[in-house]
Amino acid sequence: MNEIISIYDWENINRKSDYLLLITKESCDDCKEVEEYLEKNDNKVKNYIVNKINLDNPHSEELINELEWINVEVDFVPFWSLILDSKRIKSVRGNVKMVKEII
């Protein structure tokens with residue numbers, strides 16, 4: 001799965017097609033289940049490719065600080081956002097079943 005760790009990564013990924021953004025943590029058991037599902041399903045949910053930001057990755061700290069909405073909105077992981085045309089359209093907290101409801 002493609003992990004976004006920098007502003008450069010963020011800008012690059014947003015130039016591409018629509019996708020799902022997964023915000024995760026290493027210490028989260030539910031996140032591990034989601035990542036196992038994604039590994040078995042070509043890192044996709046339905047037809048959407050999943051890219052992730054790992055809150056525990058020290059290399060992502062600058063990105064997380066730059067994307068202020070993460071610090072404001074993400075209080076529970078796994079946290080998903082549907083990104084269409086470089087804009088966050090919908091977000092949901094929870095497992096794969098929950099994210100399937102927003103797409």
Side-chain angles (χ1 to χ4, degrees):
M1 177 181 341
N2 184 37
E3 184 172 348
I4 303 166
I5 60 171
S6 68
I7 298 299
Y8 176 80
D9 293 343
W10 178 255
E11 290 170 352
N12 267 353
I13 202 72
N14 280 303
R15 288 186 195 123
K16 298 180 182 180
S17 62
D18 307 334
Y19 65 96
L20 282 166
L21 175 64
L22 169 63
I23 299 181
T24 184
K25 290 182 101 173
E26 301 283 331
S27 57
C28 166
D29 290 334
D30 290 337
C31 298
K32 291 174 188 170
E33 288 179 26
V34 165
E35 292 197 42
E36 287 173 10
Y37 170 89
L38 292 170
E39 285 177 17
K40 293 176 186 173
N41 291 280
D42 297 322
N43 295 319
K44 293 182 179 178
V45 176
K46 294 191 178 180
N47 292 326
Y48 289 95
I49 293 173
V50 177
N51 295 287
K52 79 174 181 178
I53 295 174
N54 182 343
L55 297 177
D56 289 335
N57 186 336
H59 300 289
S60 301
E61 186 176 338
E62 184 179 329
L63 170 69
I64 293 164
N65 290 334
E66 187 74 22
L67 302 176
E68 294 177 14
W69 63 266
I70 291 177
N71 292 314
V72 171
E73 294 179 38
V74 180
D75 58 353
F76 180 85
V77 288
F79 183 95
W80 302 83
S81 283
L82 177 61
I83 311 288
L84 302 176
D85 296 323
S86 301
K87 295 179 183 156
R88 293 177 51 238
I89 304 299
K90 296 179 182 176
S91 295
V92 68
R93 296 157 182 87
N95 59 21
V96 174
K97 180 182 176 188
M98 297 298 294
V99 78
K100 285 181 178 180
E101 292 179 12
I102 70 168
I103 54 179

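Taken from SG in C28 to CZ in F79, the straight-line distance is 13.5 Å, to the nearest 0.5 Å. Here the CG atom belonging to N54 is positioned 10.5 Å from the CD1 atom belonging to I23, to the nearest 0.5 angstrom. Separation of atoms OH (Y8) and CD1 (I13) is listed at 11.5 Å; rounding is to 0.5 Å. Here the CG atom belonging to L21 is positioned 13.5 Å from the CD1 atom belonging to I49, to the nearest 0.5 angstrom. The distance from atom CG of D30 to atom CD of E33, rounded to the nearest 0.5 Å, is 5.5 Å. Between the NZ atom in K25 and the CG atom in N57 there is a gap of 12.5 Å [rounded to 0.5 Å].
By the rule that hydrophobic residues join a cluster once side-chain heavy atoms approach within less than 4.5 Å of another member, I70 and I7 end up as members of one cluster. A continuous path of hydrophobic side-chain contacts links W69 to L63 [ILVMFWY only; heavy atoms under 4.5 Å]. Linking ILVMFWY residues whenever their side-chain heavy atoms come closer than 4.5 Å, directly or via other members, leaves I4 and M1 in distinct clusters. At a threshold of 4.5 Å between side-chain heavy atoms, the hydrophobic network of Ile, Leu, Val, Met, Phe, Trp and Tyr places Y37 and L20 in one connected group. Note: the hydrophobic cluster containing I89 does not contain W10 (ILVMFWY, side chain heavy atoms under 4.5 Å, direct or indirect links).
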Going through the checks in order, is the side-chain contact (heavy atoms from CB on, under 4.5 Å) test met by V50 and Y19? CA-CA 6 Å; V50 177; Y19 65 96; over 6 Å; no
L55 vs V77, test: side-chain contact (heavy atoms from CB on, under 4.5 Å). Steps then yes/no. CA-CA 9 Å; L55 297 177; V77 288; 4.1 Å; yes
Residues E3, I53; criterion side-chain contact (heavy atoms from CB on, under 4.5 Å); working and verdict: CA-CA 6 Å; E3 184 172 348; I53 295 174; over 6 Å; no
Test side-chain contact (heavy atoms from CB on, under 4.5 Å) applied to I64 and L67, step by step: CA-CA 5 Å; I64 293 164; L67 302 176; over 6 Å; no
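A side-chain hydrogen bond (donor to acceptor under 3.5 Å, both in side chains) with N51 is found for exactly one of D9, N2, N43, namely N2.
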Just list the side-chain donor-acceptor pairs under 3.5 Å for residues 81-88, sequence neighbours left out, or say none.
from, atom 1, to, atom 2, distance (Å)
S81, OG, R88, NE, 3.3
S81, OG, S91, OG, 2.7
S86, OG, N14, O, 2.3
R88, NH1, E73, OE2, 3.4
R88, NH2, E73, OE1, 2.6
R88, NH2, S91, OG, 3.2

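Within 6.0 Å of CG on D75 lie more than 12 heavy atoms contributed by other residues, nucleotides or ligands.
You'll find the side chain of L22 reaches within 4.5 Å of the side chain of P78, heavy atoms only. In this structure, N71 and V74 have side chains that are not in contact, with every pair of non-hydrogen atoms separated by 4.5 Å or more.
For K97, the side chain to side chain contact (heavy atoms under 4.5 Å, CB included) partners two or more places apart in sequence, or in a different chain, are N95, E101. Residues satisfying the salt bridge (Lys or Arg N to Asp or Glu O under 4.0 Å) criterion with K32, sequence neighbours excluded, are D29.
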